[in-house]
Novice: 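Sharing a structure with you now.
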Amino acid sequence: MRFYKKSLIMIFIVSGIPGLILGAFVYWMAGGRVEKELLQLHHQQIEQRSHNIDDQLGNLEMLLSHWAFDNKFDYSLNGYDFVKNFDRTQDITKTLIVMQGSNSMVKRAELYVGGKQPVLFYPEYTGVDPQKAAAVYEPLIQGKNVTYWTQWAFDPSRPESKDLALVHQVPGGSLQPFGALIFRFDEQKVANMLQTMSPYHDGETFLLQSSGDLFVSGTGSASSSPLVTALREKIQTAGSGKGSFVFTWKDTTYTVSYGNLSRIAADWTFVSASPITSITSPVVFISKLIISLSLMALLIAGLLAWLASRRIYSPVKRLVTLLGGNAVAVGAEDEFTLMEKQWEHLRRESLELNTKLSEQLPHVKESFLHQLLQGYLSAYSEEDLLRRMERFKWDVRNRRYIVVYVQLLGITSVEGKFRDGDEGLVTFAAVNMIGELASEYFEQSDTINFHDLTAGLLLMVEEEDDYRERLQGFCEQLTDYINKILKMRVAMAISRTVPHISEVPLAFEQAKHSVSYRSYENVNQLIDLQEDGREDNETEILPYPFNLERELIQALRTGREEEAYELLDDFLRALSGKGAKEIDVQQGMLHLLGSIQHAIMVSGIQPSRLFKGANLYEQLSQIREPKQILEWFHEKVVAPFLRELTGRSDAQVKRIIEQAMIYLQENYQQDISLDNCADHIGTNPFFLSKSFKQVTGKNFIDYLTELRIEKAKQLLRESELKINDVAGMVGYQHSYFNRIFKKLEGMTPTRYRELSRNS
């Protein structure tokens with residue numbers, strides 16, 4: 001029972017302790033971190049809502065200022081007869097009604113016009129007793145500020161009842177105002193606006209002017225309220241324009257936020273005090289709930305640990321009883337120690353079986369077939385090979401063996417859907433087709449992937465089995481599948497039937513070699529070595545294109561890149577003419593490679609250094625597609641040689657052109673042509689023409705013509721020779737000299753002589 005006790009304690013610890021730790025962490029987060037975040041969020045809300053109130057009050061100030069400067073309230077109101085001119089009186093009343101309805105907090109919009117007969121629009125027109133006007137409205141006009149906020153008693157009989165009012169003297173901008181536009185605000189709506197600053201119903205919210213002349217509370221408290229007085233003293237002690245603090249009043253803790261509102265003529269201070277309990281009450285409830293749930297989870301964890309340990313121990317008890325007999329009753333060892341000992345014994349017995357199973361993996365069988373076909377197992381006797389194949393679960397007794405060699409063609413053809421570099425993918429797809437199709441036709445077959453567009457198929461048939469018809473059907477169906485699915489052609493070679501497994505490598509080599517005698521055309525081909533028992537070596541020998549080879553090598557030597565590529569294409573086309581075999585084309589291209597390497601060596605370039613020691617013959621012998629052969633020659637042979645040749649010949653070319661230019665300057669009087677100049681400096685005309693243009697930027701004949709004309713111009717300026725004599729001295733006949741001179745200089749030689757002497 002030792003394991004049972006340990007498991008019970010462990011399960012209880014694993015299931016209970018993490019729950020307590022998580023509960024304590026969540027409680028700390030909820031009680032401390034969350035409370036702090038809530039208070040910070042509360043202060044941010046207060047500040048944001050104070051900005052909203054500031055914007056509302058600012059909009060009211062802008063609205064009243066806009067109307068104060070309207071032409072309805074200009075100097076013409078002073079002493080105006082509103083009774084006689086009732087139309088304007090009615091217009092002013094309508095305007096005040098519109099102003100009164102522009103904001104929900106405006107209880108009444110009024111216009112007071114002083115003078116001998118003061119007038120009050122309420123918003124309707126009414127006369128005012130001069131004594132009342134002097135007591136109530138005239139002080140509003142005499143204020144030192146044009147626009148200001150005030151708390152004013154508009155009813156002389158109730159001086160304690162004051163309304164929050166916004167006053168603007170009229171006319172707007174006047175130094176001697178005679179009236180005032182007044183917004184009187186609804187006390188309850190102003191209080192509601194202040195209450196929006198705090199999201200909680202408890203607490204205190206108020207506005208006051210720095211001078212103390214104005215006080216507005218959201219809860220209806222007076223400015224002399226003990227809580228308000230205490231808060232004002234605390235804020236004055238803090239000395240800062242805005243901030244927040246925690247304030248305790250009569251056993252209640254408040255979080256207080258305060259700040260400034262910049263109003264016309266005076267700064268206001270807003271104060272919002274909310275009980276912390278209102279903010280953190282959800283957190284306190286959640287914290288208590290978390291503790292309760294954690295304790296409950298601990299009790300449940302204990303119960304579940306007891307149940308889980310019994311369920312876990314039940315199969316352990318049965319397993320120990322099965323493996324250890326009466327060891328459980330003795331209790332001298334741990335249950336798992338007993339099972340470990342017994343398991344070690346069984347493991348040692350299973351090692352041999354696991355080794356045999358590992359040898360039967362498919363990749364091991366494929367590796368064996370690769371070694372067999374390549375002849376690496378030639379040292380083994382027939383019996384040894386048979387035994388090894390029997391270990392791989394092959395039935396090889398009383399069997400005959402046939403090798404089918406498959407080569408895919410046309411990966412670069414136009415109708416194909418693969419590109420260079422897809423050889424491995426194409427071969428893999430073809431090997432899958434071969435394996436699946438062979439399993440339908442033959443009882444035993446194995447496919448070998450050579451990963452280079454070739455594959456092998458080893459068939460094992462019974463000695464009395466007539467397989468010829470099935471083999472023919474398999475080849476036809478495989479050809480059809482590869483043509484339709486892979487869009488490629490296929491060449492297959494069927495080896496002779498061999499009775500011994502040791503003869504399979506030879507049969508494979510014969511089949512592989514026979515494919516090289518296929519027609520080089522991109523068509524499906526089947527070579528059956530069983531029909532006549534020999535390979536078809538009797539092939540028509542096509543003539544080797546020696547002329548094209550010489551022209552190609554000459555083009556390479558002279559650096560004619562485009563012509564070299566065209567001749568290489570013509571050479572391969574002539575070599576792979578109708579009736580050519582793959583082996584003929586391959587041998588011809590190998591011979592061409594040798595000739596090119598010889599030409600490279602003769603030119604003074606070491607092939608081993610140029611090609612970095614690569615075995616070009618081996619690389620070329622692995623390529624079977626015409627397009628790939630051309631690309632290989634371009635990339636691996638021709639292009640490196642031409643780059644090396646160009647780099648070496650630049651300095652030599654310049655020296656040759658310098659010799660040509662010296663020759664022209666010394667012999668321009670003679671009948672000079674491109675051919676005799678090339679003969680003189682020891683090069684061919686084509687190379688001279690191309691190089692002359694490359695070095696000087698001018699054609700050979702253009703350079704010679706300009707040289708002769710310059711000499712002629714010098715003779716015309718400095719001598720008295722006749723035009724005929726000048727033409728002869730620069731190598732021209734008289735008539736041609738006149739034409740070419742006029743063409744280049746735009747005038748005749750005679751005219752040129754006249755102009756040069758006059759100047």
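None of the values given here were measured: they were computed from a predicted structure.
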Novice: Measuring from Lys107:NZ to Arg184:CZ, what's the distance to the nearest 0.5 Å?
Specialist: 5.0 Å
Novice: So Leu140 and Tyr148, do their side chains get closer than 4.5 Å, heavy atoms only?
Specialist: yes
Novice: At what distance, to the nearest 0.5 angstrom, does CG of Leu207 lie from OG1 of Thr269?
Specialist: 9.0 Å
Novice: More than 12 heavy atoms of other residues, nucleotides or ligands under 6.0 Å from CD of Glu61: yes or no?
Specialist: yes
Novice: For Asp87, does its backbone N or O pair with a side-chain atom of Asp91 as donor and acceptor, under 3.5 Å?
Specialist: no
Novice: For a quick check under 3.5 Å, do Glu110 and Tyr137 share a side-chain donor-acceptor pair by atom type?
Specialist: yes
Novice: For Thr147 and Gln169, does a side-chain donor sit closer than 3.5 Å to a side-chain acceptor?
Specialist: no
Novice: Is there a donor-acceptor pair under 3.5 Å between the side chain of Asp74 and the backbone N or O of Pro171?
Specialist: no
Novice: Measure from the side-chain N and O atoms of Thr196 to the backbone N and O of Met193, and report whether any donor-acceptor pair falls under 3.5 Å.
Specialist: yes
Novice: So how far is it from Leu486 CG to Leu425 CG, rounded to the nearest 0.5 Å?
Specialist: 9.0 Å
Novice: For residues Asn52 and Gln56, is any side-chain donor paired with an opposing acceptor at under 3.5 Å?
Specialist: no
Novice: Using the six-membered ring of Phe245, assess whether NZ or CZ of Lys234 lies under 6.0 Å from its centre and within 45 degrees of the ring axis.
Specialist: yes
Novice: Nearest 0.5 angstrom please: Thr427 OG1 to Asn449 CG, how far?
Specialist: 6.0 Å
Novice: Can you confirm whether the side chains of Glu124 and Thr93 place a donor and an acceptor under 3.5 Å from each other?
Specialist: no
Novice: Should we say atom OH of Tyr75 is surrounded by more than 12 heavy atoms from elsewhere, each under 6.0 Å from it?
Specialist: yes
Novice: Do Ser272 and Arg49 have side-chain atoms, one donor and one acceptor, less than 3.5 Å apart?
Specialist: no
Novice: Would you say that Phe121 contacts Thr89 through its side chain, given a criterion of any heavy-atom pair below 4.5 Å between the two side chains?
Specialist: yes
Novice: Compute the ring centroids of Trp149 and Phe183, then answer whether they are less than 6.0 Å apart.
Specialist: no
Novice: Are Phe270 and Tyr258 near enough that their ring centres are under 6.0 Å apart?
Specialist: no
Novice: Among side-chain atoms of Gln90 and Tyr125, is any donor-acceptor pair under 3.5 angstrom?
Specialist: no
Novice: Find the distance between CG (Leu166) and CE (Met105) and round it off to the nearest 0.5 Å.
Specialist: 10.5 Å
Novice: How many angstroms lie between atom CD of Glu635 and atom CD of Glu631, to the nearest 0.5 angstrom?
Specialist: 8.5 Å
